[in-house]
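First comes the structure, then the notes that go with it.
Here the structure is a predicted model, which is why all the values come from computation and not from measurement.
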Amino acid sequence: MEFVIKHFKELSTTELYEILKTRAEIFVVEQDCVYQDLDDKDQDAIHIFCWNDSGRVAG
């Protein structure tokens, strides 16, 4: 897999949607960690992610 590195402002709406969707699946559903995930820190973060063969964010 090839990693993608982008600042928040560089993310497309599809990339952002897939990142948030994957985070919710892992942290909220699988790890049963109920908390406010959107905490205003994403806008200042560097986002590093990769796509799997199905077109989903894999990490």
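- Annotation for Asp39: atom CG counts as buried by contact number, over 12 foreign heavy atoms lying within 6.0 Å.
- Looking at Glu2 and Trp51, their side chains never come closer than 4.5 Å, going by heavy atoms from C-beta outward.
- To the nearest 0.5 Å, the span separating CZ on Phe49 from NZ on Lys6 amounts to 5.5 Å.
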Solution key, residues 40-48 side-chain donor-acceptor pairs under 3.5 Å, sequence neighbours excluded:
{"residue": "Asp42", "atom": "OD1", "partner": "Arg23", "partner atom": "NH1", "Å": "2.9"}
{"residue": "Asp42", "atom": "OD2", "partner": "Arg23", "partner atom": "NH2", "Å": "3.1"}
{"residue": "His47", "atom": "NE2", "partner": "Asp42", "partner atom": "O", "Å": "3.0"}

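- Listed by chain and number, the residues in a side chain to side chain contact (heavy atoms under 4.5 Å, CB included) with Ala24 amount to none (sequence neighbours excluded).
- Considering OH of Tyr17 and CG of Leu11, their distance stands at 15.5 Å, rounded to 0.5 Å.
- With sequence neighbours excluded, the residues satisfying side chain to side chain contact (heavy atoms under 4.5 Å, CB included) with Ser12 are Thr14, Glu15.
- By the salt bridge (charged side-chain N to carboxylate O under 4.0 Å, His left out) test, Glu25 pairs with Arg56, sequence neighbours left out.
- Between the NZ atom of Lys21 and the CD1 atom of Ile26 there is a distance of 12.5 Å, given to the nearest 0.5 Å.
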